[in-house]
Every structure is written in structure tokens, then in C-alpha cells.
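In this chain, numbering begins with 1 at the start of the sequence shown. Both counts, for ligands and for their atoms, begin at 1 and track the order of listing. None of these values were measured; they are calculated from a predicted model.
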Amino acid sequence: MRTADGDRAGGRGGLAAAAASGLPASAGGRNGSIPPRPDAAHGAPDGEEGSAARPDLRRRRLTVLSGPSGVGKSTVVAEIRRAHPEVWLSVSVTTRSPRPGEKHGVQYYFVDDAGFDRLVAEGELLEWAEFAGNRYGTPRAPVAERLAAGVPVLLEIDLQGARQVRRAMPEARLVFLAPPSWEELVRRLTGRGTEPPEVIERRLEAARIELAAEKEFDVTLVNTSVQDVCQELLALMADPGSD
Ligand SMILES: Nc1nc2c(ncn2[C@@H]2O[C@H](COP(=O)(O)OP(=O)(O)O)[C@@H](O)[C@H]2O)c(=O)[nH]1
Ligand SMILES: Nc1ncnc2c1ncn2[C@@H]1O[C@H](COP(=O)(O)OP(=O)(O)O)[C@@H](O)[C@H]1O
């Protein structure tokens with residue numbers, strides 16, 4: 001599996017690549033690193049008194065949700081998008097084809113291989129990975145902007161991406177979404193009906209590796225009920241915690 005590690009040196013311009021790929025061009029900090037602790041002068045509404053607590057609250061505003069294909073990540077994210085507009089969801093770039101109902105700029109920015117190559121070369125991606133034959137990456141600038149503004153940010157990315165975020169931003173909270181059982185995971189992935197059998201096989205192979213990495217995460221949520229998981233996730237995002 002390839003990842004963005006060692007591939008992020010690029011970092012000039014990037015507007016052309018963003019425009020060509022249909023990504024939103026943003027005003028500043030395109031190629032800078034994500035500030036792990038934005039300047040307190042930005043005045044994010046933490047609702048907390050005292051400067052000692054403030055940096056921790058800020059740093060906790062980046063949450064990463066990962067878990068095996070079919071566990072229900074997109075379903076959870078869709079529910080948060082619907083019911084909790086105060087959470088900002090990063091929209092990833094991918095080379096995979098849209099599924100029925102998926103819209104460019106909503107679930108993903110759909111780009112071709114050349115478009116993805118350009119984004120990588122220009123240093124536009126915070127992290128990226130190849131998963132089951134397609135590439136996926138997180139646009140860097142929009143995440144940096146939201147974090148600097150004190151907005152809670154949620155990334156839904158694979159294990160390789162979660163590991164890259166952990167290295168780049170150790171203060172991020174990593175949440176693992178687990179299935180109630182292996183059988184239920186197979187049922188959900190198959191039942192979704194969006195992939196042919198050989199792709200399901202590849203995703204189940206990846207799932208075994210991902211399930212074995214659960215202990216690398218700060219928290220595990222078991223997706224028995226989408227509503228419960230959403231509530232637990234929102235509670236975590238509101239809690240600076242100490243882990
Ligand atoms: N590293 C990384 N993984 C991503 C990103 N966006 C999505 N993924 C992951 O790519 C995998 C495949 O996503 P997708 O094709 O939408 O299938 P699904 O998760 O089974 O619905 C999932 O594990 C996603 O979490 C990203 O920006 N970076
Ligand atoms: N808590 C749940 N109980 C039962 N089915 C679920 C639950 N969460 C998700 N699903 C179903 O499982 C399938 C896979 O969910 P999806 O969100 O596409 O997973 P992922 O994004 O992790 O690949 C979908 O058909 C979805 O409706």
C-alpha cells in the first residue's frame with residue numbers, strides 16, 4: 001500500500017492543480033504545515049475561561065474516524081452532515097468512480113490519475129493513501145483554515161491516512177469504528193451492493209489488517225446503532241480529554 005510519506009516535498013503554487021481538479025482554491029497557507037496550536041488571538045469560541053485549558057481544547061478539534069470498509073463510516077458521516085452542521089467534514093479527493101448518488105464536492109472530489117498526481121506534486125494533500133486500487137487524499141488548506149478558526153474538524157480516512165495524521169499532528173484524536181462482528185461486517189459490505197465480488201474480496205483483505213490495528217487508536221466505537229455512534233462521536237469532539 002502506498003502512502004503520502006516521503007511524497008510531500010513539492011509545495012509550489014498549487015492553484016492550477018486545484019482549479020484543474022475542481023477543488024476549491026483557498027486564500028492562504030496553501031503549502032504551509034497545519035498549525036497544531038493556532039494562535040489564541042484568533043479567539044475561537046471555546047466557551048472556557050483560562051488560558052491553560054484553551055490550547056488543549058483547540059488541539060482536540062481534529063478528529064479522525066477510521067475503520068474497515070463496510071463498517072458504516074459513510075453512514076455515520078452522512079448523519080453528522082445532516083444533523084450537525086457545526087462539525088466541519090473534510091471532503092477528500094479520490095480517483096475512484098462515483099457511486100450512484102454521490103456528487104462531486106459532497107462525498108468526494110472525483111479526479112483522474114493525472115489530477116491526483118498534480119495535487120501530490122504540489123503538496124496540496126495533508127495525507128494520501130492507495131486503498132483497494134484507488135487513491136484518496138485530504139486537501140490540506142481547508143483543514144488548516146478550519147482548525148485555525150477553531151472549528152471542529154472530522155476526517156474520515158483509512159488506516160494509512162490515520163497513521164500519517166498521527167505522525168504529523170500527534171494531538172489529533174483517532175477514533176476507530178468497529179463492527180459488532182466479522183460476520184456483520186461481511187453482511188454490510190456485501191449488502192451495500194456497490195462493489196463487484198473481487199473488489200469486496202480486496203476490501204475484506206484490507207479489513208483484516210485494519211481490524212488488527214485497532215489498538216493504535218485512542219478510542220473504539222462499535223457501530224451497532226448509527227445514532228448512538230453519532231452521539232458518542234459528538235461527545236468526544238466536545239471533550240478535550242486527556243488521552
Ligand atoms: N487516507 C485516506 N483515506 C481515505 C480518504 N477518504 C476516504 N478514505 C478511505 O478510503 C477507503 C475507501 O473509501 P470508499 O471508496 O468511499 O469506500 P467505503 O469506505 O467502503 O464506503 C475508506 O477506508 C475511507 O475511509 C482520504 O482522504 N485519505
Ligand atoms: N449501525 C448499522 N446497522 C446496520 N447497518 C448499517 C449500520 N451502519 C451502516 N450500515 C449499513 O452498512 C452498509 C455499509 O455502510 P457504509 O456507511 O457504506 O460503510 P463504510 O463507509 O464504512 O464503508 C450500508 O449499507 C449501511 O446502510
Side-chain angles (χ1 to χ4, degrees), residues 1-5 7-8 21 23 62-82 89-103 106-111 116 119-120 124-140 142-143 153-168 172 174-181 183-196 199-211 213 217 221-233:
M1 195 176 274
R2 288 188 295 143
T3 74
D5 285 358
D7 237 315
R8 271 190 258 142
S21 66
L23 284 178
L62 179 62
T63 304
V64 173
L65 182 67
S66 291
S69 188
V71 71
K73 300 181 299 299
S74 311
T75 307
V76 167
V77 163
E79 177 58 16
I80 289 181
R81 182 181 285 121
R82 188 191 67 77
L89 291 157
S90 168
V91 179
S92 296
V93 187
T94 184
T95 59
R96 98 154 151 69
S97 306
R99 293 176 186 148
E102 285 184 332
K103 288 197 177 62
V106 178
Q107 289 82 11
Y108 285 105
Y109 296 105
F110 297 98
V111 299
F116 201 98
L119 292 170
V120 171
E124 296 280 348
L125 301 180
L126 170 62
E127 60 74 36
W128 69 269
E130 186 172 314
F131 182 92
N134 294 299
R135 287 184 292 170
Y136 300 80
T138 304
R140 184 191 293 277
V143 171
V153 168
L154 183 60
L155 307 184
E156 190 248 284
I157 59 178
D158 85 324
L159 172 63
Q160 302 305 308
R163 285 174 173 158
Q164 291 171 53
V165 171
R166 164 124 295 165
R167 279 194 292 272
L174 268 50
V175 178
F176 188 80
L177 193 61
S181 66
E183 291 70 27
E184 176 62 13
L185 180 69
V186 176
R187 226 180 345 263
R188 286 183 191 174
L189 190 54
T190 313
R192 188 170 68 187
T194 49
E195 279 83 23
V199 176
I200 289 180
E201 270 316 305
R202 266 200 276 177
R203 285 172 179 250
L204 286 174
E205 261 173 51
R208 290 188 189 281
I209 295 167
E210 293 186 295
L211 286 169
F217 288 74
L221 301 179
V222 178
N223 183 16
T224 305
S225 142
V226 172
Q227 289 302 331
D228 289 355
V229 166
C230 288
Q231 288 315 313
E232 288 160 358
L233 196 54

Given 3.5 Å as the limit, does a donor-acceptor pair link the side chain of Asn223 with the main chain of Leu177, or not? no

side-chain contact (heavy atoms from CB on, under 4.5 Å) involving Thr224 - partner list, sequence neighbours excluded: Pro180, Val222

Quick one: do Arg82 and Glu79 make a salt bridge, cutoff under 4.0 Å? yes

Does the pair Glu195/Arg99 count as a salt bridge with the N-to-O cut at 4.0 Å? yes

For ligand 2, which atoms sit closer than 4.0 Å to a heavy atom of Pro68? 22 (O)

Do me a favour and list the nearest non-hydrogen protein atom to atom 6 (C) of ligand 2 with residue, atom name and distance? Arg188 NE, 3.6 Å

Which atoms of ligand 2 have any heavy atom of Lys73 under 4.0 Å away? 17 (O), 19 (O), 20 (P), 21 (O), 22 (O), 23 (O)

Using a strict cut-off of 4.0 Å, indicate which atoms of ligand 2 neighbour a heavy atom of Val71. 19 (O), 22 (O)

At what distance, to the nearest 0.5 angstrom, does CG of Leu185 lie from CG of Leu204? 6.5 Å

Taking 4.0 Å as the limit for heavy-atom contacts, which would you say applies to Ala78 with ligand 2: side chain only, backbone only, both, or neither? neither

Would you check if Ser66 and Leu174 make a side-chain contact, meaning some heavy-atom pair closer than 4.5 Å? no

Electrostatic pair Glu183:Arg187 at N-O distance under 4.0 angstrom: no

Atom CD of Gln164 and atom CG of Leu126: how far apart are they, to the nearest 0.5 Å? 8.0 Å

Should Arg96 and Thr94 be marked as a side-chain hydrogen bond (donor to acceptor under 3.5 Å, both in side chains) after you check the CA-CA gap, both sets of side-chain angles, and the distance that decides it? CA-CA 5 Å; Arg96 98 154 151 69; Thr94 184; 5.2 Å; no

Once you round to the nearest 0.5 Å, how far does CD1 of Ile157 lie from CG of Leu154? 10.0 Å

Contact (N/O only, under 3.5 Å) between Arg192 and ligand 2: yes

Between the protein and ligand 1, which nitrogen or oxygen pairs come in under 3.5 Å, and how far apart is each?
residue  : atom   : partner : partner atom : Å
ligand 1 : 1 (N)  : Glu127  : OE1          : 2.8
ligand 1 : 1 (N)  : Asp158  : OD1          : 2.7
ligand 1 : 3 (N)  : Asp158  : N            : 3.0
ligand 1 : 3 (N)  : Asp158  : OD1          : 3.4
ligand 1 : 6 (N)  : Ser92   : OG           : 3.1
ligand 1 : 13 (O) : Tyr108  : OH           : 3.3
ligand 1 : 15 (O) : Arg96   : NE           : 2.6
ligand 1 : 15 (O) : Tyr136  : OH           : 2.5
ligand 1 : 15 (O) : Arg203  : NH2          : 3.0
ligand 1 : 16 (O) : Arg96   : NH2          : 2.9
ligand 1 : 16 (O) : Tyr108  : OH           : 2.6
ligand 1 : 17 (O) : Arg99   : NH2          : 2.9
ligand 1 : 17 (O) : Arg203  : NH1          : 2.8
ligand 1 : 20 (O) : Ser69   : OG           : 2.6
ligand 1 : 20 (O) : Arg192  : NH1          : 3.2
ligand 1 : 20 (O) : Arg192  : NH2          : 3.1
ligand 1 : 20 (O) : Arg203  : NH1          : 2.7
ligand 1 : 21 (O) : Arg99   : NH1          : 3.0
ligand 1 : 21 (O) : Arg99   : NH2          : 3.4
ligand 1 : 21 (O) : Arg192  : NH1          : 3.0
ligand 1 : 25 (O) : Glu156  : OE2          : 2.5
ligand 1 : 27 (O) : Ser92   : OG           : 2.6
ligand 1 : 27 (O) : Glu127  : OE2          : 3.3
ligand 1 : 27 (O) : Gly137  : N            : 3.4
ligand 1 : 27 (O) : Gly137  : O            : 3.1
ligand 1 : 27 (O) : Thr138  : N            : 3.4
ligand 1 : 27 (O) : Thr138  : OG1          : 3.3
ligand 1 : 28 (N) : Glu127  : OE1          : 3.3
ligand 1 : 28 (N) : Glu127  : OE2          : 2.7

Please assess Val199 against Arg202 for the test side-chain contact (heavy atoms from CB on, under 4.5 Å), listing each intermediate value before the final yes or no. CA-CA 5 Å; Val199 176; Arg202 266 200 276 177; 4.3 Å; yes

How far is atom 23 (O) of ligand 2 from its nearest protein heavy atom, and which residue and atom name does that atom have? Gly70 N, 2.7 Å

d(Tyr109 OH, Lys103 NZ) to nearest 0.5 Å is 14.5 Å

Looking at non-hydrogen atoms alone, which of Leu185, Val77, Thr75, Thr190 comes nearest to atom 9 (C) of ligand 2? Thr75

Is there at least one pair of N or O atoms, one from Gly191 and one from ligand 2, spaced under 3.5 Å apart? no

Thr224 to ligand 2: N or O pair under 3.5 Å? yes

Among all protein heavy atoms, pick the one closest to atom 19 (O) of ligand 2 and tell me residue, atom and distance. Gly72 N, 3.0 Å

Look at atom 21 (O) of ligand 2 and say which protein heavy atom is nearest, naming residue and atom and giving the distance to 0.1 Å. Ser74 OG, 2.5 Å

Which residue and atom name correspond to the protein heavy atom nearest atom 8 (N) of ligand 2, and how close is it? Asn223 ND2, 3.1 Å

